Amino acid sequence: MRAVVTTGDGHVELKRIDTPRCQSGEALVKVIAVAQNPTDWKTAVSCKARGNVLGCDFAGLIVEIGPDVPSGLRTIGQRVAGLTHGGIGPNGAFSEYVTVPAALTIVLPDRTSFEDAAQIPVACFTTCQALYQCLHLPTPLGGEHEQESVLIWSGSSATGYYAVQFAKLAGLHVITTSSPSNFKLMKDIGADEVYDYAPSHTPRRIFASTDGKLKHAMDCISQDRTPNQVSTALSKDGGTIATLLPYVSRTKGVRTEFILAYSIFGKAITVPFVYPAKQDHYDNAVKYAALISEVLHKHEVKPIPSKLFPHGLESVKDGFEYMQAGKVHGEKVTYRIADTPEL
Ligand SMILES: NC(=O)c1ccc[n+]([C@@H]2O[C@H](COP(=O)([O-])OP(=O)(O)OC[C@H]3O[C@@H](n4cnc5c(N)ncnc54)[C@H](OP(=O)(O)O)[C@@H]3O)[C@@H](O)[C@H]2O)c1
C-alpha cells in the first residue's frame, strides 16, 4: 500500500510498504480520508527513525475483523473513524490501510462524509478525556444536572471546536475565546460567552462575569501566555484545568492535569511525551467511542470546514509546511486517499 513515512532526517516521503495485519482485538480499516493535526508535523520533524507511518486521524470502511473481537462489536463494511498513534511504527493513518482496536472505532452516521469524519477522533477523544475523565463534567447523554460553567480556552482550535459543542449539548454554560473574526462562529456552535484571547484584561473579564466562581477549564492551547491566562480566570478558591500540553499552574489552588489522546490505548508512551500505561484510560475510551458515536447519531455536530489538499497523501508535505507556518485558521487540513497519484 501507499503510505506517508518518516525519512529520519525531519522529512516525509510517500512510499509503498506492507499493509498492516490485524492483531488481537483489532480491525483493519480501508482509509478513505485523513485529517492533519499539529502532532503529525511535530512528530515528523523530531523522528530519527526511517519508515514510521505518520498520521493519527482517519475515516474509512472496516474491511477485516481480527482475532478476539467480540462477535457483532463491529462488522465488515461499517463506516468508522478512528485514532492511531502515528509516527512511531509501521501503522499510521496517512496510508491506504490502518489497524485499530475495534472497540475504539467511532461508528459514523450515514449523513457524515468521510472528509468531515476524519477530523473527529483526536478532537473528540481529547474532549472526552478533558471534560469527563479529568473535569468530571456531565456528558450530552447525561440526565438532569445543575448548570455549571466551563471555560474552553480556544474554541476556534480543532479540539476546542468540539469541546464547545459537547459542553453545550450537555447543558453547560460555555465560555470560550477566539479571534474576533471567529466570534460569530463560536456563537453558532453554542458558546454562551466569547472573548478575544489576545487582550491582557480577558482573564479578568471572565473572572468578573463568573463572579469569581469558575472551577473548570480546558486549555486547548496550553502554551505561551495561556497557562497564566486560564489560571487567572479561575476562582480564587481554586479549580482544575485540563491541559493539552504539559504545564503546572503557578496559581495557588489551581490543579492542572495533562490530557494525552494517545493514552486511550492503555499503553506506556515515550513519544512525544513520557506517559505511563493507564488501563482505565483504555476502559474510558471504549465508553467514549460509544458516546461519541451516539452523540453524532443523535445531534447535529458541526464539522470544521475541511481544507482539502489536491493530491491526497502526496500533498502531506505541503500540508505540513502550511500548518507549521501557522496558516491554519478555522479549517481542518484534510486529504482524500483516492486523490493520491500512483507510485
Ligand atoms: N494532548 C493531546 O492529546 C492533544 C490533542 C489535540 C491537540 N493537542 C495540542 O493542542 C494544540 C492545539 O491543537 P489543535 O489541533 O486543537 O488546534 P489548531 O486547530 O491547530 O489551533 C489553531 C487555532 O488556535 C487559535 N489560537 C492560537 N493561539 C491562541 C491563543 N493564544 N489563545 C486562544 N486561541 C489561540 C487560533 O484561533 P483563531 O483562528 O480564532 O485566531 C487558531 O485558529 C497543539 O499544540 C496540539 O499539539 C494536544
Side-chain angles (χ1 to χ4, degrees), residues 35-46 55-57 83-87 118-131 133-134 151-165 175-189 191 194-200 202-203 206 217-230 232-233 241-247 256-265 269 271-275 278 281 285 288 303-307 319-320 322-334:
Q36 183 177 299
N37 293 287
T39 188
D40 298 322
W41 71 259
K42 291 180 195 172
T43 304
V45 165
S46 62
C56 300
D57 258 339
L83 154 62
T84 186
H85 191 164
Q119 62 181 256
I120 289 171
V122 169
C124 288
F125 276 116
T126 308
T127 288
C128 290
Q129 289 183 317
L131 299 185
Q133 190 171 273
C134 170
L151 169 62
I152 313 280
W153 191 277
S154 192
S156 49
S157 66
T159 312
Y161 195 85
Y162 284 89
V164 166
Q165 295 187 77
I175 304 160
T176 196
T177 59
S178 74
S179 294
S181 60
N182 283 325
F183 280 3
K184 183 178 176 310
L185 182 67
M186 294 298 99
K187 290 277 181 181
D188 287 349
I189 61 167
V194 193
Y195 298 86
D196 183 353
Y197 57 75
S200 58
T202 290
I206 296 172
M218 174 176 176
D219 184 349
C220 297
I221 299 298
S222 297
Q223 61 184 3
D224 303 326
R225 291 191 301 148
T226 77
N228 184 259
Q229 289 171 306
V230 179
T232 304
I241 309 173
T243 76
L244 296 202
L245 295 175
Y247 72 79
T256 47
E257 187 175 323
F258 173 45
I259 296 300
L260 189 57
Y262 299 136
S263 72
I264 67 169
F265 302 108
I269 297 162
V271 176
F273 302 101
V274 174
Y275 202 94
K278 296 194 179 186
H281 284 209
Y288 298 152
I304 301 168
S306 300
K307 181 176 176 63
F320 279 6
Y322 184 82
M323 189 176 256
Q324 209 172 343
K327 293 182 181 165
V328 174
H329 284 282
E331 62 194 355
K332 194 73 188 171
V333 172
T334 307

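Only this structure's heavy atoms are used, side chains among them; waters, hydrogens and symmetry mates stay out. For ligands, and for the atoms within them, numbers begin at 1 and follow the listed sequence. Owing to the predicted nature of the structure, the values given are computational and were not obtained by experimental measurement.
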*Over all heavy atoms of both residues, which pair between T127 and T159 is shortest? Give the atoms and the distance, please.*
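Taking T127 first and T159 second, the nearest heavy atoms are OG1-O, 3.6 Å.
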With respect to [atom], which of [options] exhibits the smallest heavy-atom separation?
atom                    : options                : result
atom 41 (O) of ligand 1 : A242, A130, S179, S222 : S179
atom 26 (N) of ligand 1 : T226, I221, D224       : I221
atom 11 (C) of ligand 1 : C220, P38, G326        : C220
atom 5 (C) of ligand 1  : D196, D219, T126, N37  : T126
atom 21 (O) of ligand 1 : S154, A261, S157       : S157
atom 42 (C) of ligand 1 : Q223, K332, M186, H329 : H329

ask   = Judged by modelled atom types alone, do Y197 and S156 share a side-chain donor-acceptor pair under 3.5 Å?
value =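 No.
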Looking at [atom1] of [X] and [atom2] of [Y], how far apart are the two atoms once the value is rounded to the nearest 0.5 Å?
X    : Y    : atom1 : atom2 : value
I259 : I241 : CD1   : CD1   : 12.0 Å
I221 : T177 : CD1   : OG1   : 7.5 Å
L260 : Q129 : CG    : CD    : 7.5 Å
Y162 : Q119 : OH    : CD    : 3.0 Å

For [X], which part has a heavy atom under 4.0 Å from ligand 1: side chain, backbone, both, or neither?
X    : value
L244 : both
W153 : side chain
I259 : backbone

Per-atom contacts of ligand 1 with [X], taking only distances under 4.0 Å to non-hydrogen atoms:
X    : value
S178 : 40 (O)
V328 : 43 (O)
N182 : 38 (P), 39 (O), 40 (O)

Protein residue, atom and distance nearest to [atom], heavy-atom basis:
atom                    : result
atom 6 (C) of ligand 1  : T159 OG1, 3.5 Å
atom 18 (P) of ligand 1 : A158 N, 3.8 Å
atom 30 (C) of ligand 1 : Y197 CD1, 3.4 Å
atom 40 (O) of ligand 1 : S156 OG, 2.7 Å
atom 47 (O) of ligand 1 : K42 NZ, 3.2 Å

Checking Q36 side chain against G319 main chain: does a donor-acceptor pair fall under 3.5 Å?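 Flag set: sc Q36 to bb G319 pair under 3.5 Å.
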Treating H329 as the side-chain partner and N182 as the backbone partner, does any N or O pair qualify as donor plus acceptor under 3.5 Å?
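Side chain of H329 to backbone of N182, a donor-acceptor pair under 3.5 Å: no, none is there.
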Among residues at least two apart in sequence or on other chains, which ones pass side-chain hydrogen bond (donor to acceptor under 3.5 Å, both in side chains) with Q133?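 side-chain hydrogen bond (donor to acceptor under 3.5 Å, both in side chains) check on Q133 returns H281, N284.
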* Check side-chain hydrogen bond (donor to acceptor under 3.5 Å, both in side chains) between Y195 and all other residues, then give those that pass, not counting sequence neighbours. =>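 Scan of Y195 (side-chain hydrogen bond (donor to acceptor under 3.5 Å, both in side chains), adjacent residues dropped) gives E193, S209.
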Counting neighbours of NZ on K187 that are heavy atoms of other residues, nucleotides or ligands and sit closer than 6.0 Å, is the number greater than 12?
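Yes, enclosed.
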